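These notes concern the structure reproduced below.
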Amino acid sequence: DAGVIQSPRHEVTEMGQEVTLRCKPISGHNSLFWYRQTMMRGLELLIYFNNNVPIDDSGMPEDRFSAKMPNASFSTLKIQPSEPRDSAVYFCASSQTGRTEAFFGQGTRLTVV
Amino acid sequence: KQEVTQIPAALSVPEGENLVLNCSFTDSAIYNLQWFRQDPGKGLTSLLLIQSSQREQTSGRLNASLDKSSGRSTLYIAASQPGDSATYLCAVPSNDYKLSFGAGTTVTVRA
């Protein structure tokens with residue numbers, strides 16, 4: 001398996017624009033996570049899906065953030081409108097279940113100017 | 001709330017020396033603990049997963065121990081190489097799915 005695949009790897013956008021980050025989890029994994037990494041706060045869980053259903057979105061910072069998982073092989077994280085403080089590295093991770101080993105993608109480095 | 005601490009924050013050693021990285025957590029009611037490696041500008045690579053029933057887990061030159069009762073885990077890297085230079089992160093579950101991460105230990109192995 002190619003592992004967790006994220007796109008794009010880098011995104012630079014202007015404040016106010018919509019940003020969509022994409023993730024393809026490892027085939028057969030039922031759990032999908034979106035994390036955000038910043039120097040100040042480290043790694044934080046944004047949202048957790050199990051069997052394509054959002055279970056915990058308490059980490060989503062604001063209504064500007066939304067995430068979907070239309071099927072078992074694809075998820076998106078959308079920020080609309082984007083702000084400079086959203087600049088961070090966003091990671092997608094998957095695991096067979098919520099309790100098993102988590103595998104992370106390469107991340108998307110987002111810069112909002 | 002699960003709090004994870006990693007000491008030291010940074011470590012620099014000459015090539016060949018053994019590395020000892022420490023991780024402590026506040027809530028000992030965990031079912032596993034995971035060690036990751038992160039290279040600059042890259043994602044997290046899973047190194048080892050230790051189940052709560054295990055005392056240690058080994059993979060090549062890496063050995064991780066777990067002492068649930070004291071809330072501690074240690075990652076040992078034997079005979080370090082310059083390619084081991086990276087940030088090492090410890091992650092502990094806060095509930096059935098959410099991982100709490102330490103801030104990491106940044107390792108530099110000097111050739």
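Residue numbering restarts at 1 for every chain, and letters A, B, ... go by the order of the sequence lines. Everything numeric in this text was worked out from a predicted model, so none of it was measured.
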Please say yes or no: joined through hydrophobic side-chain contacts below 4.5 Å, possibly via intermediate residues, are [X] and [Y] part of one cluster?
{"X": "I50(B)", "Y": "L99(B)", "value": "no"}
{"X": "L21(A)", "Y": "I47(A)", "value": "yes"}
{"X": "L47(B)", "Y": "I77(B)", "value": "yes"}
{"X": "F33(A)", "Y": "L46(A)", "value": "no"}
{"X": "M15(A)", "Y": "V19(A)", "value": "yes"}

Below 3.5 angstrom, are there any donor-acceptor pairs between chain A and chain B, and if so, which atoms and how far apart?
residue : atom : partner : partner atom : Å
Y35(A)  : OH   : L99(B)  : N            : 3.2
Q37(A)  : OE1  : Q38(B)  : NE2          : 3.0
Q37(A)  : NE2  : Q38(B)  : OE1          : 3.1
D56(A)  : OD2  : Y97(B)  : OH           : 2.7
R99(A)  : O    : N32(B)  : ND2          : 2.8
R99(A)  : NE   : D96(B)  : OD1          : 3.0
R99(A)  : NH2  : D96(B)  : OD1          : 3.0
E101(A) : OE2  : S46(B)  : OG           : 2.5
A102(A) : N    : Q34(B)  : OE1          : 3.3
A102(A) : O    : Q34(B)  : NE2          : 3.0

ask   = Between L89(B) and L43(A), is a side chain to side chain contact (heavy atoms under 4.5 Å, CB included) present by the stated rule, with each step listed?
value = CA-CA 10 Å; L89(B) 296 157; L43(A) 277 154; 4.2 Å; yes
query = Take atom CD in E14(A); do more than 12 heavy atoms of anything else shown fall under 6.0 Å from it?
reply =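 No - once you tally the heavy atoms of other residues, nucleotides and ligands closer than 6.0 Å, there are 12 at most.
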message = Tell me if the CG atom of N71(A) is crowded by more than 12 foreign heavy atoms within 6.0 Å.
response = yes
task = Side chain from CB out, backbone as N, CA, C, O: work out which of these in A93(A) comes under 4.5 Å of a heavy atom of chain B, or both, or neither.
result =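 The answer is neither part of A93(A).
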